[in-house]
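Notes follow once the structure below has been shown.
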There are 2 protein chains.
Amino acid sequence: MTIRGKATSLDIAHLAGVSQPTVSRALRGSPMVNPETRERILRIARELNYKVDKNASSLRLRNAGTLALLFFEDPTNDDSLINPFFHAMLGSITRACALRGNDLLVSFQQLSTDWQADYEDSNKADGIILLGYGDYHESRERLQRLVEQGTHFVRWGAALPDQPGVSIGCDNFQGGHDITAHLLDQGCRRIAFIGHASSHYPEFEERHRGYVAAMTARGVAAVPALQRDAITTEQSGYEACLALLASGEKFDALFGASDLIAIGAMRALREAGLRVPQDVALVGFDDIPLAASVSPTLSTVQQDTKQAGQLLVEKLLALIQGEKVEGQTIPVKLVVRESSLAGR
Amino acid sequence: MTIRGKATSLDIAHLAGVSQPTVSRALRGSPMVNPETRERILRIARELNYKVDKNASSLRLRNAGTLALLFFEDPTNDDSLINPFFHAMLGSITRACALRGNDLLVSFQQLSTDWQADYEDSNKADGIILLGYGDYHESRERLQRLVEQGTHFVRWGAALPDQPGVSIGCDNFQGGHDITAHLLDQGCRRIAFIGHASSHYPEFEERHRGYVAAMTARGVAAVPALQRDAITTEQSGYEACLALLASGEKFDALFGASDLIAIGAMRALREAGLRVPQDVALVGFDDIPLAASVSPTLSTVQQDTKQAGQLLVEKLLALIQGEKVEGQTIPVKLVVRESSLAGR
DNA sequence: CTGAAAGCGCTTACAG
DNA sequence: CTGAAAGCGCTTACAG
C-alpha cells in the first residue's frame, strides 16, 4: 500500500485491518480498545510518522489547544523592540503553555489597532493573554468589549477593583514602598520619582503611592516638583531626568518607575557629571537582565516572571474551562545592587 | 432568529436568504456574487461579529496560514532566557508574518529534545523557522531528517555549502574581518579572540576566519594562545576571559565572538583592574540593545535583524509555495562605540 | 449569479 | 471491544 502525501487515520486503519474510528480511539488512549490492537495501531502510526490533523480534531472537538499572546505597546517605536521585561515573561508563558500541552500564537499590536479577539472568534485560539503597558484609559473600553463578547482573556497589569476581566500583576504598591524605604535607610531624603503617576498608568501610579507612603511613614515630604512623567522607555527616562536637572531642584536619590526609565536617568546623570550612587542614589523596578549589567549595577524591585507566566496560563485555562477566576497579586522582592549603596 | 454560540456561515445564509456556499463566496471575495447580495452578506457578518472558522477552512484548504518559530538553545539555562539577539529577530519575524497574513506559533526547545516537525505534520503550521545557536554537528542530522521528511523550514545561521535545508545568515566572515581591521587601525596588535572557533559553531568559526584574515593581511600574527573557547553567554565570556588573564598572555584588545561574550569579558577585565579601552580595547558581535547601554558602550558588528526576519519569512513562504529557494547572506555593519576608541 | 453535493480528517454517541 | 453513521464548518467543482 502506497500513501501519497501525509498519512491519515484511514490509512492506518487499512494497514491495521480495523476501522478508522478504532484508530482514533487507540490514538487517544481510549480504554475500550483491545491492547493488542492498540499496539499494532500505535506501531504503524509511528512507522508512518503519523500525526493527528489538528485542524480536523480542533474542528470536531471545538477546542484549539492553543492560546494567543498579544503584546501591545503605546506608540511602539516603529520596530521590534518590546519592553525587555516582557521577554522574560514570554519565556515563562511559552513554557507554561508547553507543559499543559498548549501551543502559543504570538502577535504584536499597536494600541491604536483594533484588538483581535479574532484569534478566539476564528477558533484559532481558545483564549488570549494580553501583555503591555499603555494608557489604561484607552485600553479600558477595549477590555470591556472583550468581556461583553465573552472572549476568554487574562492580562498582566495592576489588579484594580472593578476592572474588566481578570488581571494578574505584581504588588506594585509594596514594591514602590520597599525600595523607597531602602533609599530612606541609606540616608536619602530628597527622592525624585520619574514615571507617570496617574490613573492612565495604574502600575506606575501604584508604585508612586508606595513611594509616597514610605516617605510619609518616616515624616519625609514627597515634593511634587520632584515627580516627572515618563513612559517606560530609556529615552523617556533620559529626557525626564534632563528636565528635572534643568529645573534646579536638588535631589539625592532617584526612583525610576521602571528599570528602563532608571537606566535612561543614569545616562542623564552621568552626562551631568553626577556620580551614582555617591551624588545620587538610583533605583528602578522590574529587574530586567540589563539591570545587573549596567555600571553601576542597578538596585531594583524584582517581579517573579516565572510565577507570573504560570499564573497567566493557568488562570486563562481555568477561564476557558468555564471556572470562575479571580485576579491575583504577586509578591515582589527587593534587589539591592551598587546604584543605591556604597559610599553614602 | 436567535443564534446560540458563535455564528456560522449557515446562520448568515439563513439571515441573508441565500445558500451557505454563497456566503462563503461573498466572504472570500469571489467575483461571481451579485454585488447587492455580497453587501447584504457582509453587513450581516459584521453585525454578528462573524469570523470564518480557521479550523474548518484550514482543513478544507489544506493550509494553515500559520508559521512556527522554534527557538532552541544548547543546555538552556533552565529558564526563559534566550539570546537577546533573537528577541529583535522575534520582533521582525512577527511583523513579517503579520504583513503576509500569517500567524506565528512560538515554541522553545532544548536542543536535546526531538525536534517537532510536529507543527507541520499535524497541519498546525505550514512551515518552520529555526532560530538558535548550538553545536552544529548535533543539529545537522536533525536538519537532514527534516529535509528527508519534506518539512518546509528555514534557519538562521551560517550559510555553508552542502548544508541541509535553507539557511539565512549574516556575513560573519566580513564582520569578523572588519571589526578586527578596526582594532588594528586603533593600533592594537595582540588581539585575543573569545569564542569557539570550530566547525561545531560555524558562525563563530567564520568570525574567527575573518579575524585571522584581517590580521594576516596586515602581517600581524594570530597567536593561538590568545584564542579561548566560549559559547554565547555572559558567563561563558567571563570565565574564558578570566582563564585568559590567568594564563599570563598579554593582549591589548579582545574580540568577543558575540556581544554577550564581550560583556562577560568586560566584567572580568574590570575585576582584574584593567580599563576598557585604555588597557584593552573590546569589541563584540550582534549589536544587542545592551551593547549601547553598557559602560563603556560596546563597539560591535550589527546584524540587520529587520531584513533577516523578512527574509526568513519570505523564503519560507516561497518554499511552501513549492518554489526553489536558495540560502542567503546578509551584509553587516560596523558600529564603533567607546570600548574600542578613545585614549589609545 | 446561485444552489445541491461532496469531502477535508477527525471524534463520538449509538448499536451490536 | 468494534464498526457504521453522523457531523464539526468550511470550500469548490459541477449543474443550472
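Keep in mind that what you see is a predicted model, and the values were worked out from it rather than measured. All chains are named by letter (A, B, ...) in the order of the sequence lines, taking the proteins before the strands, and each is independently numbered beginning at 1. Every heavy atom of this structure was used, including side-chain atoms; hydrogens, water molecules and symmetry mates were not.
The residue A:L61 sits close only to the backbone: its heavy atoms come under 4.0 Å of sugar-phosphate atoms, none of a base. Using a 4.0 Å heavy-atom cutoff across all strands shown, B:T22 reaches sugar-phosphate atoms only and no base atom. Residue-level contact check: A:R60 touches the bases, meaning some heavy atom is under 4.0 Å from a base atom. Within the 4.0 angstrom heavy-atom criterion, only backbone atoms of the sugar-phosphate kind lie near A:T37; the bases stay farther away. At the heavy-atom level, B:S57 lies under 4.0 Å from the strands shown only through sugar-phosphate atoms. Using a 4.0 Å heavy-atom cutoff across all strands shown, B:R25 reaches at least one base atom of the nucleic acid.
Closest to the A:N34 side chain, of the nucleotides C:dG9, D:dT2, D:dT11, is D:dT2.
At the phosphate of C:dT12, OP1 or OP2 sits under 4.0 Å from a side-chain N or O atom of A:R28. Between B:S9 and the phosphate of D:dC10, there is a side-chain N or O to OP1/OP2 separation shorter than 4.0 Å.
With hydrogens and angles ignored, the 3.5 Å screen pairs a side-chain donor or acceptor of B:T94 with a backbone N or O of B:L90.
Figure legend. D:dA15 is base-paired to C:dT2; pairs are counted as Watson-Crick or G-U wobble with both atom distances under 3.5 Å.
Checking A:A56 against A:P31, the closest nucleotide of DNA chain D that is more toward the 5' end is the one next to A:P31.
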